[in-house]
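Single-structure report; data block below.
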Amino acid sequence: MKIVVLGGGISTERDVSLSSSRMIYEALKKKGHQAILLDVYLGYEGDYEDIFEKNINWTENIGGITESNPDISSIKALRKDGGKSFFGPGVIPVCQMADVVFLGLHGEDGENGKVQAAFDLLGIRYTGTDYVSSALAMDKSLAKELFAFHSIPTPAGTHLKKGEESTQRVPFPCVVKACRGGSSVGVCIAHDEKEYQAALEEAFRYDEEAVIEQYIQGREFSCAVIDGKALPVIEIAPLTGFYDYKNKYQAGSTIETCPADLPKEKAEEMQAISEKVFAALRLKQYARMDFMMDGDGKLYCLEANTLPGMTPTSLIPQEAQAMGVSFEDLCEWIMELALKEGE
């Protein structure tokens with residue numbers, strides 16, 4: 001099967017996306033597919049003819065994930081046309097030649113529904129949920145409103161636009177996060193007014209709106225849902241601090257246990273909430289829900305991730321492995337759901 005794995009882009013999660021895409025690409029090649037890997041922003045300027053048969057090392061220039069965000073300005077400088085379009089040269093025609101596009105994108109313009117909407121208009125099949133549910137899940141403020149409507153437990157909080165004065169304050173400690181961010185970029189824990197103002201400034205570096213919510217002291221978990229059914233729960237325990245960008249992607253920074261060491265009824269409760277979130281946000285194919293559990297055992301859903309990471313340290317591959325599903329089979333499973341969706 002002819003498959004384009006689409007990664008990269010110009011979000012703060014560019015490096016994570018390329019790492020995910022490389023893993024997906026290599027897995028699909030092992031499965032015998034004619035896969036190629038394209039950077040959605042930089043594109044491909046070679047000859048398209050027989051591109052899926054060409055012996056090109058599509059991962060040659062892909063590095064690892066560093067502890068800091070990538071320098072997006074240097075990436076933009078690589079575009080000869082000045083980056084007038086989000087889609088780089090050749091991306092659209094090559095994607096139209098594929099049987100399916102496996103989305104390895106993360107962050108803005110990858111998970112906010114814009115790429116999905118464009119592909120829908122162009123008749124391009126792709127993995128992951130559609131443009132409406134992508135936009136709902138990406139906007140943490142909107143998602144939390146839907147959580148409240150559907151009685152899904154989530155930390156209490158509010159949102160604030162850049163330049164506005166706060167009319168509702170969340171008691172300290174509180175969590176401040178960019179409304180449409182990912183990979184914990186632009187997320188801070190504030191214990192006092194000084195830290196709160198600094199946290200807002202950090203969040204507004206990445207978005208025009210911030211979400212402020214109560215800080216939940218306890219254990220952190222994640223639970224993926226594929227085709228409407230929850231996978232085993234995984235617990236995430238950073239060795240230091242919280243589950244931030246560094247702890248997510250630097251090997252050895254976090255202890256992950258799957259299946260999580262939880263009473264059976266508590267794990268099943270989290271799985272049931274995950275499936276409820278999946279339905280409430282109109283998600284399709286697959287997604288991953290993140291949770292906190294306080295000292296009394298109460299669960300709080302933090303958010304849904306519509307294109308969860310597929311890196312060597314990512315969570316959904318570990319959850320699939322706990323079911324006996326290899327990384328290669330997980331990629332095949334997701335791709336089959338995309339093809340079924342397009343029938």
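Because the structure is predicted, anything quoted here is derived from the model rather than measured.
Atom-to-atom distance recorded for R180:CZ and D109:CG is 12.0 Å, nearest 0.5 angstrom. Taken from CD in Q34 to CG in D50, the straight-line distance is 9.5 Å, to the nearest 0.5 Å. The distance from the NZ atom of K2 to the NE2 atom of H33 is 14.0 Å, given to the nearest 0.5 Å. Here the CD atom belonging to E202 is positioned 14.0 Å from the CD atom belonging to Q197, to the nearest 0.5 angstrom. Atoms CG and CG, on L281 and L146 in that order, are 6.0 Å from each other to the nearest 0.5 Å.
Other residues, nucleotides and ligands place more than 12 heavy atoms under 6.0 Å from the NZ atom of K54. By the 6.0 Å contact criterion, CD on Q271 is enclosed, its count of non-hydrogen atoms from other residues, nucleotides or ligands being greater than 12. Atom CD of E201 has 12 or fewer heavy atoms from other residues, nucleotides or ligands within 6.0 Å. Within 6.0 Å of OH on Y131 lie no more than 12 heavy atoms contributed by other residues, nucleotides or ligands.
The residues E164 and K161 are annotated as not salt-bridged, no charged nitrogen and carboxylate oxygen being separated by less than 4.0 angstrom. Salt bridge E213/K177: present, at least one basic N to carboxylate O contact under 4.0 Å. Ion pairing between a basic and an acidic side chain is recognised when a charged N comes within 4.0 Å of a carboxylate O; K162 and E209 show no such pairing. A salt bridge does not link K229 to E275: none of the charged nitrogens lies less than 4.0 Å from a carboxylate oxygen. A salt bridge links K31 with D329: at least one charged nitrogen is closer than 4.0 Å to a carboxylate oxygen. Remark: K340 does not engage E336 in a salt bridge, criterion side-chain N to carboxylate O under 4.0 Å. Using a 4.0 Å cut-off between charged nitrogen and carboxylate oxygen, E193 and R169 count as a salt-bridge pair.
N57 and T59 are linked by a side-chain donor-acceptor pair at a separation below 3.5 angstrom, with hydrogens and angles left out of the test. A donor-acceptor contact closer than 3.5 angstrom is absent between the side chains of S20 and S17.
Using a 4.5 Å cut-off on side-chain heavy atoms (C-beta onward), F102 and V4 make no contact. Contact check for T12 versus H106: no side-chain heavy atoms found under the 4.5 Å cut-off. In this structure the side chain of D294 never reaches within 4.5 angstrom of the side chain of Q217, judged on heavy atoms. Contact annotation: the side chain of L38 never approaches that of V5 to less than 4.5 Å [non-hydrogen atoms, C-beta and beyond].
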query = Given the rule in the salt bridge (Lys or Arg N to Asp or Glu O under 4.0 Å) test, do E26 and R22 qualify, once you have shown the distances and angles that lead to the verdict?
reply = CA-CA 6 Å; E26 291 174 348; R22 179 174 191 157; 3.3 Å; yes
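In terms of hydrophobic clustering, with Ile, Leu, Val, Met, Phe, Trp and Tyr side chains grouped at heavy-atom distances under 4.5 Å, L283 and L302 are assigned to different clusters. Follow the hydrophobic side-chain contacts under 4.5 Å out from F278 and you never reach L315; the two are in separate clusters.
Cation-pi geometry between R79 and Y41 is met: the NZ or CZ atom falls under 6.0 Å from the ring centre, inside 45° of the normal.
When the options I3, I24, I334 are evaluated for a side chain to side chain contact (heavy atoms under 4.5 Å, CB included) with T127, the one that passes is I334.
Judged as a side chain to side chain donor-acceptor pair (under 3.5 Å), and not counting sequence neighbours, D227 has no contacts. Looking at residues two or more places apart in sequence or on another chain, you find no ring-ring contact (aromatic ring centres under 6.0 Å, His included) involving Y300.
A side chain to side chain donor-acceptor pair (under 3.5 Å) check over residues 82-105, counting only residues at least two apart or in different chains, returns nothing.
Using cut-offs of 30° and 60° on the angle between ring planes, the pair Y44 and W58 is tilted.
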